[in-house]
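What follows is a set of notes on a single structure, which appears directly below.
To find a chain, count down the sequence lines: A is the first, B the second, and so on, and within it residues start at 1.
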There are 2 protein chains.
Amino acid sequence: MNLKELALKLNLSPTTVSRALNGYPEVNAATRERILAAAKRHNYRPNTRAIRLATGRAMAVGHVFPVATKSEIMNPIFADFIAGAGEVYTTNGYDMLLSVVSDAAETQSYHDLKLRGAVDGVIIHAVRSSDDRIKTLLQLGLPFVSHGRATSVDLPYSWVDVNNRRAFLRATEFLLDLAHQRIGLINGKEDLDFALRRRMGYLEALSARAIAQDPALMFTGELTEHAGYLAASTMLALPQPPTAFVCASMLSGMGARRAIEARGLVMGRDVSVIIFDDELSYLRNGEDLPIFTATRSSVRLAGQLAAQMLLDLIADPASAPQNRLLEADLILGQSTGPAPRT
Amino acid sequence: MNLKELALKLNLSPTTVSRALNGYPEVNAATRERILAAAKRHNYRPNTRAIRLATGRAMAVGHVFPVATKSEIMNPIFADFIAGAGEVYTTNGYDMLLSVVSDAAETQSYHDLKLRGAVDGVIIHAVRSSDDRIKTLLQLGLPFVSHGRATSVDLPYSWVDVNNRRAFLRATEFLLDLAHQRIGLINGKEDLDFALRRRMGYLEALSARAIAQDPALMFTGELTEHAGYLAASTMLALPQPPTAFVCASMLSGMGARRAIEARGLVMGRDVSVIIFDDELSYLRNGEDLPIFTATRSSVRLAGQLAAQMLLDLIADPASAPQNRLLEADLILGQSTGPAPRT
DNA sequence: CCTCTGATTTAAACCGCTTTGGCCGATACC
DNA sequence: GGTATCGGCCAAAGCGGTTTAAATCAGAGG
């Protein structure tokens, strides 16, 4: 059942039927009723492909996920971010297009999406401190929102980000207030911007208390349980081991906990741990009471905000870039306590 | 730059240019060369929207992810499955459309995708034992591949699945061979088909050795660390605690491990653990040596296979349903050992 | 030299919708 | 009564490709 057939059945022109369905005013109320009823009765849905060609809009948003050819690690926050963004798209009648491309082909893939007219805008993920995607997209004139900022990119663009620096600043300060002096940092890969900012926050807190930074207490790598375990184990084996850890993810924190317990120590008593909690649906930080003390910010919410921001941008491409900096809550769990007395 | 403009520049008709670019034979070789060169030079990409309307094919595949309104849990295997499937789509020039819908609206969303002509086929996830989506899709005539089978649905359809029953059968047998007598099952939600089959395998192994099943040793719930921890803790607190666990996921296994260690026991010595390892990229079972003894099957591979199967099905909708049953490897890690002597 | 054939190329229809511009009849206004 | 206005509806022209049917051209054959 297409528009023409429906119009024929109603003894009306396709024009009028189209107008009625799209809510244009120049249709008689009675006629509109009749059309709406018929459309429902015949279960009519306008053909998406035709709408897109006719309107010139794709009614779709792209998410390009680079898959690092070497690491092959899919971003674990992916699913929840997508869930958040997807809700917004669905509500607004947009489709979500996912491209999985090798990171070498990523720039090319934006060109393609734009030239093919497959999407009206994109969201970029896993932003690096110096990310050339931003320049590429600006030049391309393809509306986009970045999940995360790029520190070394000084161009106007829209982003949604968490205040990673302040989150780790506060986390570290909190530990310092508990009299911890040696605090280990278990961070993500620091070419990624969020990780860089977290380290800045950590260092800022230390230097505010005139505590020298110790490279042996700073780890950067994948945000996996295994990496967290290794990093924490190594640090705990130091002559002067840390009495606390700041971990960049739930998984790192779980690894740290395992390392702590493997040494016969008790988390929260002998060694404190604070994690960054993205509130991933399948990795909850406890059900009722939080297990880990954590800086918490919902990645799903970030997805919703980014999606909405992008749709606004698409609706009015000339509008000024929007920004949204989310603050992470510091929530108290059972993984932190005063530094043990020596 | 569109087809007409390109044709104008070449002093050719759009028809010829279109033919040349699409590899039709009735174009002079020299002309074709000229066209291809010009297309490359002008960076021409045919407009996806127009192609779709003209050919009647969407050149897109849909993945509908139901988000349970209550649990809100995104499937953790999501990201890796998508990564696998996405590679195949990209290679074949297909787009991947993701719909995130509340599970109540899921059936409706398939209707929509079909009626709107937005996709040529779909892949369904998180299959329930009695899943009405299969019937719906068959009636709709929308090609689909199911990731997982539906036990109580007796209709012909295409699927990719792991031999969950045999995986758990083998895992349980392995533990029985190590003289474990009381083996706890930490399973996923058993309305999901894969979980049901895993329990069948577990029970089959027990009954083959004439070991009575004990409801107190069977847990079913979310595949989270927390749930795994609770389940294992509860079982370990029994008067006759299990000496081994079979866990349905890496996360459950990690929870079990925590429960074991919380009681001052050692995994692999006092209590054995086998997990099902989906080889999720961000949840590796160890880097070099596996931590957990595991039944292993790559969810990413499943994604690739399912995607390829769907594309085949779309290319020839009349073809018979295809099936692919993957066997999980049983790999030896450090989490299992002989049952402790009492 | 004319016709036929096969190789190339083209004109035009079409995919299903939106949208511009126009038409028609009725009401308002002078 | 004549005309400007307006509500309501329609014809037709796109949107940018693909595809069918037909035209053109060159060489072969008679």
Side-chain angles (χ1 to χ4, degrees), chain A residues 1-36 38-39 42-60 93-95 112-120 315, chain B residues 1-36 38-39 42-60 93-95 112-120 315:
Chain A
M1 171 66 56
N2 60 25
L3 187 65
K4 205 194 286 185
E5 291 167 20
L6 185 63
L8 214 61
K9 274 209 200 312
L10 285 161
N11 267 328
L12 286 168
S13 75
T15 309
T16 305
V17 177
S18 169
R19 288 226 170 93
L21 294 175
N22 289 309
Y24 283 74
E26 59 271 72
V27 179
N28 182 294
T31 311
R32 183 190 304 275
E33 278 313 309
R34 205 157 63 85
I35 293 175
L36 255 46
H42 292 94
N43 211 12
Y44 168 75
R45 291 277 182 303
N47 183 300
T48 302
R49 300 193 288 261
I51 293 183
R52 287 176 178 170
L53 182 57
T55 60
R57 286 173 306 151
M59 290 304 282
Y94 271 74
D95 284 335
D112 267 22
L113 287 175
K114 165 77 177 182
L115 265 55
R116 286 168 44 210
V119 300
D120 297 319
Chain B
M1 171 68 54
N2 61 23
L3 187 65
K4 205 192 291 183
E5 290 166 20
L6 185 63
L8 216 59
K9 276 208 199 311
L10 286 161
N11 268 328
L12 286 169
S13 74
T15 309
T16 304
V17 177
S18 170
R19 287 222 173 97
L21 293 175
N22 289 309
Y24 284 73
E26 59 271 72
V27 179
N28 182 292
T31 312
R32 184 191 303 275
E33 277 313 307
R34 204 156 64 85
I35 293 174
L36 255 47
H42 293 93
N43 211 10
Y44 170 74
R45 291 277 181 304
N47 184 300
T48 302
R49 300 192 289 262
I51 293 183
R52 287 176 176 168
L53 181 57
T55 60
R57 286 174 306 153
M59 289 304 283
Y94 272 74
D95 284 333
D112 267 23
L113 286 175
K114 166 79 176 179
L115 265 57
R116 285 167 44 210
V119 300
D120 297 317

**Asked** What's the shortest heavy-atom distance between A/Ala58 and A/Ala118, and which atoms?
**Response** CB-O, 3.3 Å

**Asked** Could you state the interatomic distance from CG (B/Asn22) to CD1 (B/Ile51), rounded to the nearest 0.5 Å?
**Response** 7.0 Å

When the side chains of residues 6-15 of chain A are checked against the rest of the protein, which donor-acceptor pairs come out under 3.5 Å, sequence neighbours left out?
{"residue": "A/Ser13", "atom": "OG", "partner": "A/Thr15", "partner atom": "N", "Å": "3.4"}
{"residue": "A/Ser13", "atom": "OG", "partner": "A/Thr16", "partner atom": "N", "Å": "3.3"}
{"residue": "A/Ser13", "atom": "OG", "partner": "A/Thr16", "partner atom": "OG1", "Å": "3.2"}

**Prompt:** Using rotation axes that map the C1' atoms of four end pairs onto the next four (five pairs an end), what angle separates the end axes of the helix from C/dC1-D/dG30 to C/dC30-D/dG1, to 10°?
**Reply:** 60°

**Asked** chain A on DNA chain D: first and last contacting nucleotide, 5' to 3', under 4.0 Å to a heavy atom?
**Response** D/dG8 to D/dG16

**Fill in**
Rounded to the nearest 0.5 angstrom, the CZ-OG1 distance for B/Arg19 and B/Thr31 is 12.5 Å

**Rounded distance (nearest 0.5 Å) linking atom CG of B/Asp120 with atom CG of B/Leu113** = 11.0 Å

**Item:** Main-chain N/O of A/Arg116 paired with B/Thr48 side-chain donor or acceptor, under 3.5 Å
**Value:** yes

**Fill in**
Across all chains, not counting sequence neighbours, the side-chain contact (heavy atoms from CB on, under 4.5 Å) partners of A/Arg32 are A/Ala20, A/Val27, A/Leu36

**Asked** Can you find a pair of side-chain heavy atoms, one from A/Asn47 and one from A/Asn2, that are under 4.5 Å apart?
**Response** no

**Complete:** Sequence neighbours excluded, the answer for salt bridge (Lys or Arg N to Asp or Glu O under 4.0 Å) partners of B/Arg52 is B/Asp95

**Message:** I want to check something: taking the side chain as every heavy atom from C-beta on, are B/Asp112 and A/Arg45 in contact at a cut-off of under 4.5 Å?
**Reply:** yes

**Message:** I'd like to compare against my own output: the B/S/- annotation of nucleotides 10-20 of chain C with a strict under-4.0 Å heavy-atom distance to protein.
**Reply:** BBB--BBBBBB

